[in-house]
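I have placed the structure first, in the form of structure tokens, so that the comments after it can refer back to it.
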Number of protein chains: 2
Amino acid sequence: MTTQPVPFPTQADDCCPSLTVSPLSLDDAQDFARILKAVADPTRLRLVSLVAAHEQQEACVCDLTEPVGLGQPTVSHHLRLLVDAGVLHREKRGVWSYYSLEADTLNRLSAFLSPK
Amino acid sequence: MTTQPVPFPTQADDCCPSLTVSPLSLDDAQDFARILKAVADPTRLRLVSLVAAHEQQEACVCDLTEPVGLGQPTVSHHLRLLVDAGVLHREKRGVWSYYSLEADTLNRLSAFLSPK
DNA sequence: CCCAGATATTGACACTTGTCGATGTATCGT
DNA sequence: ACGATACATCGACAAGTGTCAATATCTGGG
């Protein structure tokens with residue numbers, strides 16, 4: 001067997017840090033703060049929800065610019081932040097950039113915030 | 001009866017908006033962005049985790065100032081933001097202010113972000 | 001090869017934010 | 001009443017952020 005000794009069972013599920021189980025390390029705190037910052041903006045929340053609700057769970061910039069009422073460069077900028085944070089995925093097909101959800105990131109965030 | 005018609009049953013569970021089910025209203029987006037902003041900072045994440053991990057699930061400022069390595073005014077400022085956002089609860093007992101988790105808010109956040 | 005359309009990048013600006021030092025306020029002992 | 005202690009507030013400053021107009025880059029069609 002190649003499994004670890006696992007001397008402290010409580011450390012076993014150290015895989016995914018949780019906000020409320022033990023004091024966060026600086027690294028973990030910065031890690032999650034980065035993702036949270038990306039989502040902590042009304043416009044970006046709406047962009048994510050628009051992408052999620054769009055057909056095929058994906059949307060291009062031209063689908064999003066009008067619903068949020070902002071200019072194309074501004075929308076592109078917000079989408080870039082969301083992609084950089086791993087919240088959205090970008091796939092370029094032809095002239096269009098299609099944005100879709102990176103579900104794992106939202107799942108990790110949700111699990112992280114969930115008490116207990 | 002003074003109740004509304006409720007013509008569309010799908011609106012019934014409109015109780016707790018979710019990021020990924022339908023486009024967010026501006027109000028909902030601003031609402032959640034406000035809470036997310038409060039949590040989207042490494043120092044404040046650590047403060048919340050320190051409070052949660054402390055005995056009795058509560059801590060005073062003097063318990064927190066040293067672990068995060070910041071001045072007392074700065075820590076007080078961060079705690080105020082967390083209280084204003086409904087993430088923490090403040091209870092003054094004697095000379096001390098005891099901060100504790102407002103679990104409902106974190107639960108709402110977690111549920112909001114959870115895909116599907 | 002050039003043009004039109006979709007998106008990305010840049011530069012600029014007002015505004016917000018994280019931090020600190022100094023000061024104010026409140027509470028408990030003595 | 002006084003002083004010490006715990007906390008909150010204020011003023012200031014550098015750094016970061018959201019938005020826009022202008023411009024650059026890329027792609028498909030003719």
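In what follows, chains carry the letters A, B, and so on, assigned in the order in which the sequence lines appear, proteins first and then strands, with residues in each chain numbered from 1.
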* Asked: Between R90(A) and dT7(C), is there a side-chain N or O to OP1/OP2 distance below 4.0 Å?
  -> no
* Structure fact -> side-chain contact (heavy atoms from CB on, under 4.5 Å) with L24(A): of D27(A), D28(A), V21(A), T20(A), only one passes, and it is D28(A)
* Structure fact -> Closest of dT7(C), dC7(D), dT9(C) to the C60(B) side chain is dC7(D)
* Which nucleotide in dT19(C), dG18(D), dA22(D) has an atom nearest any side-chain atom of D41(A) -> dG18(D)
* Short side-chain N/O contact from T74(A) to OP1 or OP2 of dT19(D), under 4.0 Å -> no
* Asked: Is any side-chain N or O of H78(B) closer than 4.0 Å to OP1 or OP2 of dT19(C)?
  -> yes
* Where the side chain of Q72(B) is concerned, which of dT19(D), dC7(D), dG18(C) is the nearest nucleotide? -> dC7(D)
* **Closest-nucleotide ordering on DNA chain C, the 5'-leading residue of V95(B) and G71(B)** => G71(B)
* Asked: At under 4.0 Å, does any side-chain N or O of Y99(B) touch on OP1 or OP2 of dA8(D)?
  -> yes
* Reckon R44(B) has a side-chain N or O less than 4.0 Å from the OP1 or OP2 of dG18(C)? -> yes
* Quick one: does D63(A)'s side chain get under 4.5 Å of H54(A)'s, heavy atoms only? -> yes
* To do: Give a yes/no on whether any side-chain N or O of T43(A) is located under 4.0 angstrom from OP1 or OP2 of dG18(D).
  => no
* Using a cut-off of less than 4.0 Å, is there contact between a side-chain N or O of S76(B) and OP1 or OP2 of dT9(D)? -> no
* Structure fact -> In whole angstroms, the gap separating P of dG18(C) from CZ of R46(B) amounts to 16 Å
* Which nucleotide, dC7(D), dT19(D), dC26(D), lies nearest any side-chain atom of K92(A)? -> dC26(D)
* Just call it for R93(B): base, sugar-phosphate, or nothing, with non-hydrogen atoms closer than 4.0 Å on any strand. => nothing
* Under the 6.0 Å and 45° cation-pi test, does R90(A) pair with Y99(A)? -> no
* Asked: Is the side chain of T105(B) donor-acceptor paired with the backbone N or O of G86(B) at a distance under 3.5 Å, no angle test?
  -> yes
* In plain terms, say whether R108(B) and E102(B) are close enough for a salt bridge, that is, a side-chain N and a carboxylate O under 4.0 Å apart. => no
